[in-house]
Each structure stands twice: as structure tokens, then as C-alpha cells.
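Sequence lines set the chain letters: A, B, ... in the order given, protein chains first and strands last, and positions in each chain run from 1. Because the structure is predicted, anything quoted here is derived from the model rather than measured.
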Amino acid sequence: MRLSRKFFSQDVLKVAPALLGMDLVHQFPDKTVNRYTILETEAYRGETDLACHASKGKTKRTLIMYEPGGCVYMYLIYGMYWMLNFVTGKLNEPQAVLIRGIKGFNGPGKLTRALTLNGSLNGADLEHDDQLWVENTGISPAYTTGPRIGVAYAGEEWAGKPWRFLVKGAYSK
DNA sequence: GTAACGATCCTC
DNA sequence: AGGATCGTTACA
């Protein structure tokens with residue numbers, strides 16, 4: 001069953017771990033559908049989170065994160081990799097979940113390249129979009145937490161938060 | 001206007 | 001250990 005805006009409007013610290021084990025569903029224009037189990041996520045939570053892009057306040061780029069949960073937030077990093085994020089929280093609560101790993105592709109840049117996702121998806125509505133959505137599988141795998149990747153610049157307080165969620169054994173098999 | 005910097009990945 | 005590569009942001 002497709003996840004609703006209501007689900008994504010919960011706090012990011014609840015949504016990020018809940019997404020583990022669910023299916024990322026991708027549909028091509030010719031209706032070919034592929035499903036990928038979500039194995040790894042990271043939470044970015046509000047303007048006070050110095051690792052979150054919204055810590056700089058509202059800009060053209062971060063505006064989407066201030067919307068109610070359920071939108072797609074895509075952005076380009078290092079000039080070559082698109083990152084796939086889901087906006088969470090309520091209106092004016094800038095939060096997002098970075099989809100960091102799915103079955104078959106470990107790494108946020110690799111999975112978007114594999115699914116040919118790019119900036120044209122920015123702002124898409126996960127409840128109604130016909131290219132990308134998430135389905136509940138009823139599976140809640142055991143997971144571990146750890147500090148987020150690549151955010152050392154945010155300082156010890158924020159870089160050290162255990163806001164990375166990883167399915168146990170995701171990389172061992 | 002200009003300059004610096006990444007929520008990364010691949011190849012030495 | 002270092003390079004690719006460019007939109008976004010900060011600053012003058």
C-alpha cells in the first residue's frame with residue numbers, strides 16, 4: 001500500500017527508521033515497474049540542525065523542505081550526483097530523509113544514477129506521482145544507528161547525532 | 001559581479 | 001590520496 005502524506009507528516013526521527021524495509025517503487029513512462037527495499041536512511045531535522053540545508057534558512061533550494069511531508073527533494077552534490085530525499089514533518093518544519101541505500105545499490109549517488117532520477121523530480125508528490133512512490137511492506141527489520149556521513153562541517157554536536165539508520169546485515173550479504 | 005564549497009564516487 | 005564537476009551560497 002502506497003504511503004500517504006499523513007505518514008510523511010510525522011517527525012523525521014520517526015519516519016526515517018520506519019522507512020527501512022519498505023519498498024521504493026519506480027515506474028518508467030512505459031509502465032515498467034521496479035521495486036527496491038530501502039536499507040539505509042538519514043534524518044535531517046530543522047533549521048537548528050547545522051547539517052541540514054535548511055539551517056541556512058529559506059532559500060530557493062530549501063523552500064521545498066518547508067512544505068508538509070510527502071514531497072520529493074532532489075539536489076545535486078559535487079556537480080555530479082543527485083541525492084534523493086523525502087520531505088517530512090508539518091508545514092514550516094523543514095525536515096527531510098536522505099535515501100542512502102536500497103537493495104542492490106549502496107550509496108545515495110549510485111541509487112539515483114541507477115534509477116535515472118534527477119532534478120526534474122524535485123517537488124513531486126509521493127502520494128500521487130506516477131514515477132516514484134513508497135509502499136508499506138509490513139516488514140520492520142532490525143536496524144542499527146550511527147552518525148551521519150559527510151557532515152563533519154556541522155560540528156561535533158550535530159555531526160555526532162545518531163541519525164543514520166541502517167538495516168542490520170545490509171552490507172554483509 | 002566573484003569565489004568557495006560540498007548529505008559522493010571512482011581511480012590511482 | 002586526489003580528481004571530477006557545477007549549482008548554491010556567501011560576500012563584496
Integer-rounded Å distance: B/dG6 P and A/R148 CZ = 15 Å
To the nearest 0.5 Å, what is the distance between CG (A/L84) and CD1 (A/I102)?
-> 8.5 Å
Roughly how many Å is it from OH in A/Y73 to P in C/dG7, rounded to a whole number?
-> 15 Å
To the nearest angstrom, the CE-P distance between A/M74 and B/dA7 comes to 15 Å
How far apart are the closest heavy atoms of A/Q95 and A/V12, and which atoms are they?
-> OE1-N, 2.9 Å
Using atom CD1 of A/I77 as one end and atom P of C/dT5 as the other, report the distance to the nearest whole Å.
-> 16 Å
A/Y78 ring over C/dA4 six-membered base ring, under 5.5 Å and 30° | no
Could you check which of B/dC9, C/dC6, C/dT9 has an atom nearest any side-chain atom of A/K56?
-> C/dT9
Test of ring centre spacing under 6.0 Å for A/Y75 and A/H53 = yes
Minimum-distance nucleotide (side-chain atoms of A/T59 versus B/dC9, C/dT9, C/dC6) = C/dT9
Rounded to the nearest angstrom, tell me the gap between atom CD1 in A/I149 and atom P in B/dG6.
-> 16 Å
Between B/dA7, B/dC9, C/dT9, which nucleotide has the shortest distance from any of its atoms to the side chain of A/Y81?
-> B/dC9
Nearest-nucleotide pick for A/Y153, side chain only, options being C/dC6, B/dA7, C/dT9 | B/dA7
When all nucleic acid strands are considered with a 4.0 Å heavy-atom cut-off, which category describes A/G79: base, sugar-phosphate, or nothing?
-> base
Counting just side-chain N and O atoms, does A/H53 come under 4.0 Å of either OP1 or OP2 of C/dT8?
-> no
Below 4.0 Å: OP1/OP2 of B/dC10 and any side-chain N or O of A/R113 = yes
Figure out the CH2/C1' separation between A/W82 and B/dC9, and round it to whole Å.
-> 17 Å
Taking the six-membered ring for Trp, is the centroid-to-centroid distance between A/F86 and A/Y73 below 6.0 Å?
-> no
Nearest of C/dG7, B/dC10, C/dT9 to any side-chain atom of A/K110?
-> B/dC10
Heavy atoms under 4.0 Å, any strand shown: does A/M83 hit a base, just sugar-phosphate, or nothing?
-> sugar-phosphate
With both distances kept under 3.5 Å, what pairs with C/dA10, Watson-Crick or G-U wobble?
-> B/dT2
What's the CD1-P distance between A/I64 and C/dT8, to the nearest Å?
-> 14 Å
To the side chain of A/L98, which of B/dC9, C/dT9, B/dA7 is closest?
-> B/dA7
A/M65 atom CE is separated from B/dA7 atom C1', nearest whole Å, by 10 Å
Approximate separation, where rounding is to 0.5 Å, of A/D129 CG and A/C71 SG = 10.5 Å
